[in-house]
Novice: 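Dropping a structure here in structure tokens format, bear with me for questions.
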Amino acid sequence: MTTELSTETLATLGDRLDAVVRGVPGVVALYSATPAVLHAVTQLALGSNTAASLVRVTTTDTGIEILASVGVDPESQAPATAAAVASAIRAALADGAAATSADGAEALVNVRVSRVVA
Amino acid sequence: MTAPEHPPTIGETRFTIDDLSDYLDSDRTPVIPEIENSPECRAMLDSLERVGALSRELIARDVELNPTIDERWLGGLIASIGREVKAGRDIPLASADPATSLSITEGAVRELVRVAGDSIDGVLVGSCAIDGDLMLPAEPLRVAVTISVVLNGPVTALADAVRQRVYSELLKHTELTIGAVDVTVTDVHQLTRPIEENE
């Protein structure tokens, strides 16, 4: 069974998680987790007034899958910062955003450190 | 007749090194989100700026260096960076939660090595290679770095400084087991006048 979530709901959740991830100490950049070409196509579809979210939220058979691609401050430690991002995403899901997902849906959270950059 | 060769694009974008160089020349305006949201493009832009600044610094220090910093050398260096910024595989980081997956990309690790080397005064990293299985955290890896140096001190001291900086950065930001960091000096630029105290 694939979790039923509207495209709009996924986009809203993605936008919310963008803000959450950007607020994690040690995160200095957020990149598109979707391949650049796909992200550009999504952006075209949304028009110039709405930015496509950079955190990718997709549905799976059992729930949702989230991927965040981040740049980490060299003064922080990349592994610890990645773990903090995952915790912040889970906290956000538990704190209201989860209401947008199906009951009992499982969230797989993936955090990728794409750069360590000042 | 063979088909004309298309220059490689950076990461998964449609932009080439020349496109990114033009984008820098235009002060990154108007903003192109596809570039700004791509870690590979951002790494390439930072490298182009760093190499450009270091080259200008060398030339400013000694105009007679111009013949040794030729376009072919710079072109080779930039092409090498272009290959290395590719994200590559996701190298796993430890996570206690089976529903959480943490990773750092190969491209991020290579950039980490390059920036660590470039941060040593008088050093410009030419290439960076990581030998070994990145997917096996316990397996010792060999990091091979080639550098160009401006001779303002003993070459061995510069190479040692690069080795130590690279090792400490990898220790800080990855969970890889580093068996060796080998530094090879491939180019030596000799200053014809000494570097002043305040330069």
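Naming convention: chains lettered A, B, ... in sequence-line order (proteins, then strands); numbering from 1 in each chain.
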Novice: Quick check: closest heavy atoms across A:Tyr31 and B:Ser38, and the distance to 0.1 Å?
Specialist: CD2-C, 4.1 Å
Novice: Calculate, to the nearest 0.5 Å, the distance between atoms OG and CG belonging to B:Ser103 and A:Leu67 respectively.
Specialist: 8.0 Å
Novice: Quick one: what part of B:Glu36 sits under 4.5 Å from any heavy atom of chain A, side chain, backbone, both or neither?
Specialist: backbone
Novice: In the single-linkage hydrophobic clustering (I, L, V, M, F, W, Y; side-chain heavy atoms under 4.5 Å), do A:Val55 and A:Val20 co-cluster?
Specialist: no
Novice: If hydrophobic clusters are built by linking Ile, Leu, Val, Met, Phe, Trp and Tyr wherever their side-chain heavy atoms come under 4.5 Å apart, do B:Ile130 and B:Leu171 end up in the same one?
Specialist: yes
Novice: Applying the 4.5 Å side-chain criterion to the ILVMFWY set and letting contacts propagate, would B:Leu141 and B:Leu136 be lumped into a single cluster?
Specialist: no
Novice: Heavy atoms only, distances under 4.5 angstrom: which of A:Ser76, A:Gly71, A:Ala80, A:Ser69 has the most pairs with chain B? Name it, please.
Specialist: A:Ser76
Novice: If you round to the nearest 0.5 Å, how far is CG of B:Leu93 from CD of A:Gln77?
Specialist: 11.5 Å
Novice: Going by residue number, which parts of residues 81-88 of chain A are within reach of chain B, meaning a heavy-atom gap below 4.5 Å?
Specialist: A:Ala82, A:Ala83, A:Ala86
Novice: Treating Ile, Leu, Val, Met, Phe, Trp and Tyr as nodes and any side-chain heavy-atom pair under 4.5 angstrom as an edge, say whether A:Val21 and A:Val28 lie in one connected cluster.
Specialist: no
Novice: Between the side chain of B:Lys172 and the main-chain N/O of A:Ala78, is any donor-acceptor distance below 3.5 Å?
Specialist: no
Novice: Using the rule that Ile, Leu, Val, Met, Phe, Trp and Tyr join whenever any side-chain heavy atoms are under 4.5 Å apart, tell me whether B:Leu134 and B:Val143 fall into a single cluster.
Specialist: yes
Novice: Can you tell which part of A:Leu54 gets under 4.5 Å to a heavy atom of chain B, answering side chain, backbone, both or neither?
Specialist: side chain
Novice: Step by step, work out the side chain to side chain contact (heavy atoms under 4.5 Å, CB included) result for A:Arg112 and B:Ile104.
Specialist: CA-CA 5 Å; A:Arg112 174 191 292 149; B:Ile104 183 168; over 6 Å; no
Novice: Treating B:His173 as the side-chain partner and A:Pro74 as the backbone partner, does any N or O pair qualify as donor plus acceptor under 3.5 Å?
Specialist: yes
Novice: Using a 4.5 angstrom heavy-atom cutoff, name the option from B:Leu102, B:Val115, B:Asp46 with the most pairs to chain A.
Specialist: B:Leu102
Novice: Do the side chains of A:Val117 and B:Arg42 get nearer than 4.5 Å, heavy atoms only?
Specialist: no
Novice: Do A:Arg115 and B:Leu112 pass the side chain to side chain contact (heavy atoms under 4.5 Å, CB included) test, and can you show the C-alpha distance, the side-chain angles, and the key distance before you say yes or no?
Specialist: CA-CA 8 Å; A:Arg115 295 187 73 198; B:Leu112 193 63; over 6 Å; no
Novice: Please classify the contact between B:Ala87 and chain A as side chain, backbone, both or neither, with a heavy-atom cut-off of under 4.5 Å.
Specialist: neither
Novice: What is the distance from atom OG of A:Ser114 to atom CD of B:Glu106, rounded to the nearest 0.5 Å?
Specialist: 12.5 Å
Novice: At a heavy-atom separation under 4.5 Å, does B:Thr100 approach chain A through its side chain, its backbone, both, or neither?
Specialist: both
